[in-house]
Q: 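Dropping a structure here in structure tokens format, bear with me for questions.
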Protein chains: 2
Amino acid sequence: MSKSETKSDQHKEKILKISREMFAKNGYEATTTRMINQAAGTAEGLMYYYFPHGKHEILNTIVHQGIINRVNQLQMTFNDCVTKTDLEQRLMLIFENIWQVFQDKENYQSFVITIHERMLLSDDQADWLLQILEGLVDEIAQQLKAAPVLQSISKGQYRPLARVIVSIFQKVIYDELLIKNNRQLTDEMKNLIRPQLSVVLSI
Amino acid sequence: MSKSETKSDQHKEKILKISREMFAKNGYEATTTRMINQAAGTAEGLMYYYFPHGKHEILNTIVHQGIINRVNQLQMTFNDCVTKTDLEQRLMLIFENIWQVFQDKENYQSFVITIHERMLLSDDQADWLLQILEGLVDEIAQQLKAAPVLQSISKGQYRPLARVIVSIFQKVIYDELLIKNNRQLTDEMKNLIRPQLSVVLSI
DNA sequence: GTCTATAAGAAGATAGAC
DNA sequence: GTCTATCTTCTTATAGAC
């Protein structure tokens, strides 16, 4: 957790780092413990010293660490917007903020692993994603409620609207990170998102 | 393709069916050729008669068949809507139509496999998803353009709006099918989607 | 903590009989 | 077309020296 790692912990971290990379790139089952040990430069037996339950314990550790890290890094500050352009820009920034989280290699890799190896994980381990997204809906709903420009819409519409906005973000993230294997935020992507935000805010 | 299968083709189909089930449930790598042969009730060697390139050829066949089937079954007819409630109901039906496609076991399984085994597939094989979704955006944009109720919005907003609607659908499908492992369309889900459609159509 | 060596079994694939 | 038998390689995991 902290930077004060003993020399031995460095080996453990190395094994985790290599495993994360290989699981994300080639999949959990396709990655053998030998490949991990070789790439990590550690001996065959050492892995079982740090992870007595073997390969699957490494997977669980990676997924768990991933949850913690992404939640921690997804914190963002909100402040009120007075115009619709203001609000649109704010939401765009929120998206870029989320995207930024996945620029971190570890976060990206553990996310990909969590989706791809869904069948090897518990429901709890997979559920984090939905919970984070629900939290995001809450925060954006708050943001919308606080915006003077949107006072016209009825009280019950804030959450559905927030949900729509999260859907817009989520589609881009899934399409790019999971299908296209793209981690670069291009102008093309932004130019696709912005009109969508614009149209849903024009109510 | 047709129903006039020779007896031998039945064995091939059996192998594909069993493989599809096992790949979807346990993953491609975790499923061994022995498990497939045993469950299919066919001998060790026979698999290589039908699929000379082995296990990976089975995967490719499943993914390819999945694309074809889902595209074919996703055809739907549109006709004009005169009121916003009309339009909202129409879009709801479109969603239920898409959902229905995944009620077909084969379609569901090949979809899950395509996402989970992304790293084993070519970019072309993964790209189908995005192309289908783009096609859906087109169709919904047409639908919106034809709706007398929405004549007020500017010409350039139909596609962004259609994109938003597809995002709403896509989020539900991904969350339920991939994360929650749920294939049942509940009232709760419908009651989450409807207000979102309502709010984006209230422009 | 870290190493080497190896057990014990399972993997994908093939050869060749019928 | 379908089968049995088997080859070769690789897998996870452990035992035990240092």
Side-chain angles (χ1 to χ4, degrees), chain A residues 1-63 113 116-117 119-121, chain B residues 1-64 113 116-117 119-122:
Chain A
M1 204 129 244
S2 71
K3 279 287 168 202
S4 64
E5 288 153 344
T6 67
K7 187 156 191 178
S8 54
D9 279 343
Q10 281 175 13
H11 267 153
K12 185 172 182 176
E13 288 307 315
K14 186 84 193 249
I15 291 171
L16 277 174
K17 182 179 139 84
I18 296 287
S19 300
R20 199 184 298 111
E21 286 169 1
M22 291 186 150
F23 290 173
K25 190 161 202 165
N26 311 317
Y28 170 78
E29 304 276 4
T31 305
T32 68
T33 53
R34 271 203 222 303
M35 288 161 66
I36 297 169
N37 293 325
Q38 192 182 0
T42 48
E44 282 300 308
L46 191 58
M47 203 192 95
Y48 292 92
Y49 173 78
Y50 289 114
F51 303 96
H53 300 294
K55 211 172 110 177
H56 204 278
E57 192 180 348
I58 299 181
L59 176 65
N60 283 333
T61 308
I62 289 171
V63 170
I113 293 167
H116 285 166
E117 312 301 342
M119 54 269 193
L120 301 178
L121 304 176
Chain B
M1 204 131 242
S2 71
K3 278 288 168 199
S4 63
E5 290 154 340
T6 68
K7 185 155 190 179
S8 54
D9 278 343
Q10 281 175 12
H11 267 153
K12 185 172 182 177
E13 289 307 315
K14 186 84 193 246
I15 291 171
L16 278 174
K17 182 180 140 82
I18 296 288
S19 300
R20 198 184 299 110
E21 286 169 2
M22 291 186 149
F23 289 173
K25 189 160 201 167
N26 311 317
Y28 170 79
E29 304 277 3
T31 305
T32 69
T33 53
R34 270 186 174 62
M35 288 161 67
I36 297 170
N37 294 326
Q38 193 183 357
T42 49
E44 283 299 308
L46 192 59
M47 202 190 96
Y48 291 91
Y49 174 78
Y50 290 113
F51 303 95
H53 301 293
K55 207 172 114 177
H56 204 280
E57 193 180 346
I58 299 181
L59 176 64
N60 283 332
T61 308
I62 289 171
V63 169
H64 182 255
I113 292 167
H116 285 166
E117 312 301 342
M119 54 272 194
L120 301 179
L121 304 177
S122 68

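First the proteins, then the strands, lettered A, B, ... as listed; each starts at 1.
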Q: Considering just the side-chain nitrogens and oxygens of B:Thr32, establish if one lies under 4.0 Å of OP1 or OP2 belonging to C:dA11.
A: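 Answer is yes, contact under 4.0 Å.
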
Q: Whole angstroms only, please: what is the NZ-C1' distance between B:Lys55 and C:dT14?
A: 17 Å

Q: D:dG1 phosphate, OP1 or OP2: any side-chain N/O from B:Tyr49 under 4.0 angstrom?
A: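 Indeed, a polar side-chain atom of B:Tyr49 lies that close.
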
Q: In whole angstrom, give the distance that lies between atom CE of A:Met35 and atom P of D:dT11.
A: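 Answer to the nearest Å: 8 Å.
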
Q: Partners of A:Glu57 by side-chain contact (heavy atoms from CB on, under 4.5 Å), sequence neighbours excluded?
A: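 For A:Glu57 the side-chain contact (heavy atoms from CB on, under 4.5 Å) partners, ignoring immediate neighbours, are A:Phe51, A:Pro52, A:His53, A:Thr61.
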
Q: Both A:Ala30 and A:Pro52 contact DNA chain D. Taking the nearest nucleotide for each, which residue is further toward the 5' end?
A: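 Upstream on the strand: A:Ala30.
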
Q: Looking at residues at least two apart in the chain, or sitting in another chain, which of them share a side-chain contact (heavy atoms from CB on, under 4.5 Å) with B:Ala43?
A: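 side-chain contact (heavy atoms from CB on, under 4.5 Å) list for B:Ala43, sorted by chain: empty.
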
Q: Strictly by salt bridge (Lys or Arg N to Asp or Glu O under 4.0 Å), give each pair with a member in residues 17-33 of chain A just once, sequence neighbours left out.
A: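 Found A:Lys17-A:Glu21, A:Arg20-A:Glu106.
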
Q: In residues 18-25 of chain B, which residues come under 4.0 Å of DNA chain D by heavy atom?
A: none

Q: Mind calculating the distance between NZ (B:Lys12) and P (D:dT2) to the nearest angstrom?
A: 12 Å

Q: Using atom CE of A:Met47 as one end and atom P of C:dT2 as the other, report the distance to the nearest whole Å.
A: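 One finds 15 Å between P of C:dT2 and CE of A:Met47, rounded.
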
Q: Could you work out, with side chain to side chain donor-acceptor pair (under 3.5 Å) as the rule, every residue matching B:Asn60, not counting sequence neighbours?
A: B:His56, B:Gln125

Q: What I'd like to find out is whether the side chain of A:Asn37 reaches to under 4.5 Å of the side chain of A:Leu46, using heavy atoms alone.
A: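 The answer is no; the side chains never approach within 4.5 Å.
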
Q: OH of B:Tyr28 versus P of C:dA11: gap in Å, rounded?
A: 14 Å

Q: Test: salt bridge (Lys or Arg N to Asp or Glu O under 4.0 Å). Region: residues 39-50 of chain B. Which pairs qualify, not counting sequence neighbours?
A: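 Non-adjacent pairs meeting salt bridge (Lys or Arg N to Asp or Glu O under 4.0 Å): zero.
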
Q: Return the value, rounded to whole Å, for the distance between atom CG of B:Asn37 and atom C1' of D:dG1.
A: 14 Å

Q: Taking the side chain of B:Tyr48 as heavy atoms from C-beta outward, which of D:dA13, C:dT2, C:dT14 is closest to it?
A: C:dT14

Q: Using atom NE2 of B:His56 as one end and atom P of C:dA13 as the other, report the distance to the nearest whole Å.
A: 10 Å

Q: I need the B:Ile113 CD1 to B:Leu121 CG distance, nearest 0.5 Å.
A: 9.5 Å

Q: Please tell me if the side chains of B:Met47 and B:Ile58 come closer than 4.5 Å, counting only heavy atoms from C-beta onward.
A: yes

Q: Could you walk me through whether B:Tyr28 and B:Lys55 satisfy the side-chain contact (heavy atoms from CB on, under 4.5 Å) test, starting with their C-alpha distance in whole Å, then the side-chain angles of each, then the deciding distance to 0.1 Å, before giving a yes or no?
A: CA-CA 9 Å; B:Tyr28 170 79; B:Lys55 207 172 114 177; 3.5 Å; yes

Q: For nucleotides 3-7 of chain C, tabulate all protein N/O to nucleotide N/O atom pairs closer than 3.5 Å, reporting atom names and distance.
A:
residue: C:dC3; atom: OP2; partner: A:Ala43; partner atom: N; Å: 3.0

Q: To the nearest angstrom, how far is B:Leu120 atom CG from C:dG12 atom P?
A: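 Distance check: B:Leu120 CG to C:dG12 P gives 13 Å.
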
